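Below: one structure, written as structure tokens.
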Amino acid sequence: MRSLSDPEFSRNYGFWSEAEQRALTESRVAIAGVGGVGFQVGTKLARMGVGSFSIADPEVFERANANRVPGASALSYGRSKATVFREEVLAINPSAVVDVHGDGVTPSNAAEFLAGADLVFDESETTQPEIGTAIARQARAQGIADLLVVNVGFSSMATAFGPSGRFTFERYMGLPEGAPLDEIAQLSVDFSRVLPYVPPYSDLRGLAAVATAGPDGTHPSLPSIAPGVDLASALGSTQAFLHLMHRKGLGQRRRRPVWAPRVAVLDAYTVTGRIIRASKATHLRHLLVAAARDRAGRNPRGSYTHEDIARRARLDDADR
């Protein structure tokens, strides 16, 4: 474990104390998914001093990750995201503990994944709601916060589910409370749950493409750009700091983290930040603003319709 006098921490002390730095070095953070926000938030926490991680991700880096993930490059394509993340953290802090679960989080290994964790980030795919539910239930059983951070456009959102809060992950996502995980696996989560904030500058054709199946029957992933991921990792790591300080008994002079159903929102494009309440009505209100701007011709086009995606795929195949 690093010493509090290490030069790596010397610039931190202008904004937090030695006691808080010690709390960070003694903390263990679990991160489910290190392909975007999870990768950046994890490396930020490592630079802040967090000394122990549990990482789960079954995927490998691909070229499509390079637009927003520092770990994705020609040197890492085809390699395990979790392994690349571990190497990055150990390059920052050679004494860090980074346990890797290369098969990802499953209903059967959630307890092992969260063992000893003070906090968990759920950056798993919403297309597999049983994974998020398994993480949330285990976090609740262990008495730790389950932190959810999402990026959309140039903006980010963060909220958390507490071990004793009435607003659970299932309620937030519109899933049946207490239902068996195999039953939840058959369900889907709609965007009104995942995106309580829709940026007013959105090209809604892109969101429509994600919400509907393309000609091949598949749903494209939510578009994601580097500024939004950067902002999400900054918001997420700051919320993590607050969660950890309150958990370690050092939060007396710190503001409380944001808990569901409240959601912290930062948008670098509109240069705004606020706290909203997650609900379908909140999602609809923001969606209507974006739609009105879109109809008035005020929003730029984003080239993410099913036709755009299919056209680029044909061009990519032709270039190979």
Side-chain angles (χ1 to χ4, degrees), residues 1-34 36-57 68-71 73 81-100 113-123 139 142-147 149 151 156 158 160 226-227 229-258 264 266 268 273:
M1 183 179 295
R2 282 177 164 172
S3 166
L4 297 182
S5 61
D6 282 355
E8 288 88 344
F9 299 147
S10 61
R11 301 286 285 274
N12 289 345
Y13 294 130
F15 289 96
W16 60 68
S17 68
E18 290 182 4
E20 290 173 319
Q21 187 66 67
R22 181 181 292 107
L24 288 171
T25 63
E26 294 174 352
S27 292
R28 179 173 174 83
V29 175
I31 306 176
V34 287
V37 173
F39 194 100
Q40 287 211 50
V41 83
T43 53
K44 277 184 172 60
L45 290 174
R47 293 187 184 281
M48 290 164 64
V50 171
S52 180
F53 296 89
S54 178
I55 304 301
D57 199 314
R68 65 195 185 282
V69 189
S73 70
K81 294 177 180 178
T83 298
V84 174
F85 175 87
R86 182 177 186 274
E87 293 171 355
E88 184 78 11
V89 169
L90 293 179
I92 296 168
N93 175 12
S95 64
V97 174
V98 187
D99 297 317
V100 169
F113 167 63
L114 285 173
D118 296 294
L119 174 71
V120 60
F121 278 86
D122 177 8
E123 296 300 320
Q142 287 184 206
I144 64 174
D146 175 18
L147 185 51
V149 184
N151 64 284
S156 63
V229 174
D230 291 344
L231 193 60
S233 67
L235 178 60
S237 56
T238 300
Q239 286 294 304
F241 173 82
L242 295 175
H243 280 289
L244 292 171
M245 293 308 107
H246 281 278
R247 178 172 173 81
K248 303 286 185 177
L250 298 172
Q252 295 86 349
R253 296 190 179 185
R254 294 289 182 185
R255 69 175 298 157
R256 293 185 60 78
V258 176
L266 294 179

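These figures come from a predicted structure and were not determined experimentally.
Listed here is the closest heavy atom pair of L242 and R256: CD1-O, 4.4 Å. The heavy-atom pair separating G38 from V41 by the smallest distance is O-CG1, 3.5 Å. Of all non-hydrogen atoms in A158 and V149, the two that sit nearest each other are CB-CG2, 4.1 Å. Here the closest heavy-atom approach between residue F113 and residue A30 is recorded as CZ-CB, 3.7 Å. G42 and I31 make their closest contact through CA-CD1, 3.6 Å (heavy atoms, listed as atom of the first residue, atom of the second, distance). Scanning all heavy atoms of the two residues, the minimum distance from A160 to L147 falls at CB-CD1, 4.0 Å.
Atoms CG and CG, on D146 and L119 in that order, are 8.5 Å from each other to the nearest 0.5 Å. Atom CD of Q40 is separated from atom CZ of R68 by 10.0 Å, given to the nearest 0.5 angstrom. Separating the OG atom in S52 from the CG atom in L24 is a distance of 13.0 Å, to the nearest 0.5 Å. For the atom pair CG (N12) and OG (S10), the distance works out to 7.5 Å, reported to the nearest 0.5 Å. With rounding to the nearest 0.5 Å, the separation of CZ in F39 from NZ in K44 is 11.0 Å. The distance from the OG atom of S27 to the NE2 atom of H243 is 12.5 Å, given to the nearest 0.5 Å.
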Q: Carefully, step by step, assess D118 and K248 under the rule side chain to side chain contact (heavy atoms under 4.5 Å, CB included).
A: CA-CA 9 Å; D118 296 294; K248 303 286 185 177; 3.6 Å; yes

Q.
Apply side chain to side chain contact (heavy atoms under 4.5 Å, CB included) to residues F85 and T43 and explain how you reach the verdict.
A. CA-CA 8 Å; F85 175 87; T43 53; 4.0 Å; yes

Q: Go through R254 and E20 one step at a time and tell me if the salt bridge (Lys or Arg N to Asp or Glu O under 4.0 Å) criterion holds.
A: CA-CA 11 Å; R254 294 289 182 185; E20 290 173 319; 2.9 Å; yes

Q: Applying side chain to side chain contact (heavy atoms under 4.5 Å, CB included), run through V229 and V69 and close with a yes or a no.
A: CA-CA 8 Å; V229 174; V69 189; 6.0 Å; no

Q: In sequence, state the C-alpha distance, the side-chain angles, and the governing distance for V37 and F121, and then conclude on side chain to side chain contact (heavy atoms under 4.5 Å, CB included).
A: CA-CA 10 Å; V37 173; F121 278 86; 6.0 Å; no

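At distances below 3.5 Å, not a single donor-acceptor pair connects side-chain atoms of S237 with backbone N or O atoms of L45. Under a 3.5 Å cut-off, the side chain of D57 and the backbone N or O of V34 do form a donor-acceptor pair. Judged by distance alone, the side chain of R2 and the main-chain N or O of A96 form no donor-acceptor pair under 3.5 Å. A donor-acceptor pair under 3.5 Å is formed between the side chain of Q21 and the backbone N or O of M48. For the pair Q142 (side chain) and L114 (backbone), a donor-acceptor distance under 3.5 Å is present. With hydrogens and angles disregarded, a donor-acceptor distance shorter than 3.5 Å links the side chain of Q239 to the backbone of V258. Without hydrogens or angle criteria, N151 side chain to S156 main chain gives no donor-acceptor distance under 3.5 Å.
Taking the side chain as every heavy atom from C-beta outward, D99 and V97 approach each other to under 4.5 Å.
Counting heavy-atom neighbours within 6.0 Å of R247 CZ, excluding the residue itself, gives a total above 12.
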